[in-house]
Amino acid sequence: MLRTHTCGELTATHNSQSATLAGWVHTRRDHGGVHFIHIRDRFGMTQVVFEPSHDQTAYELADNLRREWVIQITGIVRMRSSDQVNQKLSTGEIELVAHSLKILNKSDVPPFTLDEWSEPTESVRFKYRYLDLRRAEMQRNFQIRHKAAQAARAHLSEEGFLEIETPMLVRSTPEGARDFLVPSRLNPGTCYSLPQSPQLYKQLLMVSGMDRYFQIARCMRDEDLRSDRQPEFTQIDIEASFITEEFIYGLVERLMQRIFRDAIGFEIAAPFARLTFAHAMEKYGCDKPDLRYGLELADVTDIVKESDFTVFKSVVAKGGMVKCINPEGTLTKGDLETYIEFAKQNGAQGMAWMKVTEAGLESNIVKYFSPDIQKRLIERTGAKPGSTLMYIADRPKVVNEVLSRLRADLARKLNLINTKVFSFAWVTDFPLFEYDEKEKRIGAAHHIFTMPKAEHIDLLETDPLKVLAQCYDLVLNGIEIASGSIRIHDPEIQKRVMKVIGVTAEQAEKRFGFLLEAFRYGAPPHGGIAPGFDRIVALMSGYNDIREVIAFPKTASGTSLLDGCPTPAEAEQLRELHMKFVVQ
RNA sequence: GGGGGUGUAGCUCAGUUGGUUAGAGUACCUGCCUGUCACGCAGGAUGCCGUGGGUUCGAGCCCCAUCACUCCCGCCA
């Protein structure tokens, strides 16, 4: 061992003992007659003092030290006087008086400083990610990530789940996200694909009688990226047999409690709130509402259609709706102009507003609303004097989209978000199908193996868009962090569902034949869920950007600034793969 | 695929209406200093103003194109 202790370990209890530390030079302070340095490793920092009276050789050598050099120091632990204690360091009560210094490695001048005050941009951080990861903040993030993974493993094991690996080279499926393809050398003209998720394999494991499966699984999707979407990401993939939705809710609530407790010492309350999809859309305008604040939407379609305001009336006449939000807090004329612009940019025709005062409603359109209608509007919205009613009238899709964004923006602007809270909610009772307006046809809302609600199965043929699914999302602070469903294990129901979305038996056979065949050999009822590990760790650590908790992330265009991938393939590689690139 | 933002010293940024030699902080180098801990003080070095083209007597600044990073929409069953 090149050290006797770590850099975060020495305290008053080690006073007068000899110790050897190894680590990086974090800072140096040359006082002429005495040198100080902070030596840093993953575990902390310790102040080292070089005094000529203690060791002339080490003192002179220390003069050459530079930031990020790797050194080994042996010395005596000494108490600092009370006025010299550094409260910010765990080792701040002591310092190491060096009598031997060995330079293990030098360093070029780093491109950015690794202290807590400098904020290099992402491009620089990603290019030198190995240096970025030396920063205390990043070291903390990956400790949290590690603890979260360990907690998930331990908890699921304790609940009887088996961790089983599924293949990375899999069959391409046409549904869902775009696949990454891996050409096969041994089979000219064919490709594997990288898994978008272990979905089909975990269902096969249920047919195999594994009963309870989990995997901390890497998933790859060749889609455009966002700050919360990387081309490869990690899920805590879970599947279980002979269960109902309630089992998943309880399991995941206990799992989340364990992860948050073990990783960041935070106790989260369970059971989590539950909202149906319909309720979420009505009150929040989206299927992943942030419940850290209220600001609920109110549907006033039935009230305003009796007004004389033609803008609202004509929208209602065309089958549209009118909803409003009533933020309390001061909104200036300028703010309202900004929000009208905001609404237009998000697809609305405009935005109407009324100020609520002690005397009633005020705005340039109030004259079109009778006193009775005004009273009913105030009642419906529960609006208090000082708040502002902001209306969007349009097709339901537009109204909800615009108002849910407006809601999020208002909450931020009016400082309504308690950032110390983790607000979990289950969103349930999603529709099984959705109508694709572009393709003019019905498609699966989740995936085609999702089980309809038992009481809605007979609607499959008569009114498929009314069929609700045994399908659930877990939302944390307005971000979807898990999604799952009870699966169809009955071939008859599977056929009926596929018929609704227009998949023929032949097409199904071609795409998922191996799964459907497996299901003919006694598939148990089963279901599962897949919490997004990166998102959970990011939120626990206080970020919205999952790149802060991924060791070597890609840029928004899917490249790596660190190693420069993707790179052109060598002609020889392509020849072996029986491939030719045709680049325009 | 569409829209927005950014690009100036190693790093983070400022740069006015187009006008002389492009600045600051920090990092870096040198010197001084025996109690600092984001040490201090003094001095020094550091620029393809993303790239290419254009307008102009003159461009960091205006115009066009392009690249990179980034955010949003589409996309992500």
Side-chain angles (χ1 to χ4, degrees), chain A residues 26-40 45-54 59 63 66-68 78 80-81 83-89 91-92 95 97 107-128 131-132 173-179 196-197 199-200 219-231 233 342 345-347 401 405 430 432-434 436 438 442-450 469 471 480 483-485 497 501 503 511-512 530 532 544-545 547 553-561 564:
Chain A
H26 189 68
T27 58
R28 60 197 177 90
R29 293 177 294 282
D30 173 0
H31 281 254
V34 61
H35 302 321
F36 298 94
I37 65 149
H38 277 159
I39 182 171
R40 183 198 74 236
M45 268 200 286
T46 306
Q47 174 163 280
V48 180
V49 195
F50 295 91
E51 294 171 338
S53 59
H54 197 80
Y59 165 77
D63 202 31
R66 292 296 181 269
R67 291 162 53 221
E68 300 307 314
R78 184 170 72 188
R80 301 193 189 188
S81 65
D83 58 325
Q84 286 166 8
V85 169
N86 185 340
Q87 306 286 355
K88 285 190 273 183
L89 294 183
T91 61
E95 60 194 4
V97 191
S107 168
D108 286 356
V109 175
F112 52 88
T113 50
L114 302 182
D115 60 44
E116 58 196 288
W117 297 275
S118 48
E119 273 186 55
T121 47
E122 281 193 325
S123 314
V124 180
R125 292 176 57 204
F126 291 170
K127 179 168 182 194
Y128 300 97
L131 295 180
D132 188 38
T173 50
E175 308 270 315
R178 211 172 282 121
D179 286 321
Q196 298 169 24
S197 81
Q199 182 64 35
L200 302 183
C219 306
M220 290 77 155
R221 294 179 187 175
D222 188 8
E223 293 294 345
D224 286 6
L225 310 178
R226 296 279 192 280
S227 56
D228 61 349
R229 275 171 18 196
Q230 282 275 298
F233 61 98
F342 182 92
Q345 275 168 9
N346 283 286
E401 263 176 34
R405 286 202 186 126
F430 284 85
L432 184 62
F433 304 107
E434 61 194 3
D436 187 328
K438 256 189 283 172
I442 290 178
H446 186 61
H447 64 59
I448 65 163
F449 307 114
T450 302
C471 180
E480 179 193 314
S483 184
S485 65
V497 166
I501 58 176
V503 175
R511 293 178 194 176
F512 320 104
N544 288 320
D545 189 337
R547 285 173 293 208
K554 303 282 192 290
T555 66
S557 53
T559 65
S560 163
L561 296 178

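No experiment lies behind these values; they were computed from the predicted model shown. Order of the sequence lines fixes the chain letters, A, B, ..., with proteins taken first and strands second; residue numbering starts at 1 for each chain.
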Side-chain-base donor-acceptor pair under 3.5 Å for A:Arg221 and B:C76: no
Residue whose closest nucleotide on RNA chain B lies nearer the 5' end, A:Gly176 versus A:Glu401: A:Glu401
Ring pair (Phe, Tyr, Trp, His ring centres under 6.0 Å) against A:Tyr59, all qualifying residues, sequence neighbours excluded: A:His35
is_close_aromatic(A:Phe50, A:Phe36), centroid dist under 6.0 Å: no
Separation of atom CG in A:Leu225 from atom C1' in B:C73, rounded to whole Å: 15 Å
Partner set under side chain to side chain donor-acceptor pair (under 3.5 Å) for A:Asp63, not counting sequence neighbours: none
Whole-Å distance separating the CZ atom of A:Arg226 from the C1' atom of B:G2: 12 Å
Nucleotide N/O to protein N/O under 3.5 Å, stretch nucleotides 41-47 of chain B:
none

Set of salt bridge (charged side-chain N to carboxylate O under 4.0 Å, His left out) partners for A:Arg78, sequence neighbours left out: A:Glu51, A:Glu95
Under-3.5 Å donor-acceptor pair between A:Arg405 side chain and B:C72 base: no
Letter per nucleotide, 5' to 3', of nucleotides 6-11 of chain B [B base touched, S only sugar-phosphate touched, - untouched; heavy atoms, 4.0 Å]: ----SS
Comparing A:Gln199 and A:Asp545 on RNA chain B - which has the more 5′ nearest nucleotide: A:Asp545
Sugar-phosphate or base contact per nucleotide [nucleotides 30-39 of chain B; S, B, -; heavy atom under 4.0 Å]: S--BBBBBBB
Phosphate OP1/OP2 of B:C71 contacted by A:Arg547 side-chain N/O (<4.0 Å): yes
